[in-house]
2 protein chains.
Amino acid sequence: MNDIKSAVSEKSEPIPRLGEIGLSNFAPYLMNRIMGRYNADLRQEMTGLGLTTPKMRALAVLSVIDALPITELAVYAVVEQSTLSRSLEQLASDGLVRRDPDPTDSRVTRISITEAGRAALDQLWPSMVRVYEQMFKDIPAEERQAFVTTLQKMLNNVRKHDF
Amino acid sequence: MNDIKSAVSEKSEPIPRLGEIGLSNFAPYLMNRIMGRYNADLRQEMTGLGLTTPKMRALAVLSVIDALPITELAVYAVVEQSTLSRSLEQLASDGLVRRDPDPTDSRVTRISITEAGRAALDQLWPSMVRVYEQMFKDIPAEERQAFVTTLQKMLNNVRKHDF
DNA sequence: CAAAATAATATGCATTTGCAATTATAAATC
DNA sequence: GATTTATAATTGCAAATGCATATTATTTTG
């Protein structure tokens, strides 16, 4: 019932339409809707800190993986490269990230989070956790774990880069 | 390990930072990244059909639930009300949706998908299924089902409306 | 039932976005 | 090793977005 094609017969059945599956059984719909709420909830908190979604995502990634080239950071942060370029401009001028030329490839600029950047993220982090906990309210630890395991497989399936 | 706070002790432990959890164990990060890819992949197909993400989402929802007030459609489609208002303008002038005044509340405009709208969505649907299948490649039916079940709980947790 | 509060939709406007083109550097090819 | 091709990052520009507000209609309240 959850394998969208091939449910009944062997090959080339007519693909069921969305109406037959139902919005609430279609994983991408549910994920978009949940993340839409998550991101909207956080945007409010970010505005107060002078951050935007792309800026926040860049900081979040950089808090985990440092000194990333911009192109790579764009993939991790799920932000268009040109959008990220401009976000980094602002983050740098606000002193939340630092730009260092790559020593071996002078095309590359490596981005690092600064102490001020970490402090900004730390201010936001409790809200992120709060929204996260609301999202997983009453969902037991094993179910959360299984969910994340499936997500990891999915990311592997759709990712176009090695990172 | 997946319950972000309260992992070790009873109350008010210091909240672990994102760096300690790791990006690939943080469900919202994974979900944003997967859906970023999903939406980017589809955007290419949509462009060829003269559609945008908000337009496509509106059509997808309307193919399942018809004659929705704009405000309600905005929630289902995960699109800002003002953005949706403008998207519907275009969809209507392209003949893909119809606007009908609500008979009992004259503030409300109810939106329905037209035959042409269904045809446009039908053209996109195979791509949506293809991206979906890629996403869940090698993930068995029971795991998909469990995943959707968790998503449904999550949506219930974060939703702010009855629908 | 008049006045105030709420709700649905549209719109003005500044900002953000994404795409395409540009610039600068590096790698590959002939 | 000069020329072509590929890659990293920025930027110009038109279109899209989100917020606040305007407008019209409905519901609530005193």
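In what follows, chains carry the letters A, B, and so on, assigned in the order in which the sequence lines appear, proteins first and then strands, with residues in each chain numbered from 1.
Atom CZ in R99(B) sits roughly 15 Å away from atom P in dA8(C) (whole-Å rounding). Regarding R43(A), its CZ atom lies at a distance of 5 Å from the P atom of dC19(D), rounded to whole Å. Separating the CD atom of E80(A) from the P atom of dA14(D) is a distance of 19 Å, rounded to the nearest angstrom.
If D105(B) and S87(B) are placed on DNA chain D by their nearest nucleotide, the residue sitting closer to the 5' end is S87(B). Taking for each of T47(B) and L88(B) the nucleotide of DNA chain C with the nearest heavy atom, the 5'-most of the two is the partner of L88(B).
Comparing dG18(D), dA10(C), dA9(D) by their nearest atom to the side chain of T83(B) picks out dG18(D). Considering only the side chain of R86(B), dT11(C) comes nearest among dT11(C), dA8(C), dA20(C). Listed nucleotides dA25(D), dT25(C), dA9(D) differ in distance to R107(A); the shortest reach to its side chain belongs to dT25(C). Side chain of I70(A), nearest nucleotide from dT9(C), dA9(D), dC19(C): dA9(D).
Ring orientation note: the planes of W125(A) and F26(B) are tilted relative to one another, at an angle of 30° to 60°.
Among the heavy atoms of the strands lying under 4.0 Å from T71(A) are primed sugar atoms or P, OP1, OP2 only; no base atom is included.
For the pair S82(B) and dC19(D), the criterion of a side-chain N or O lying under 4.0 Å from OP1 or OP2 is not met.
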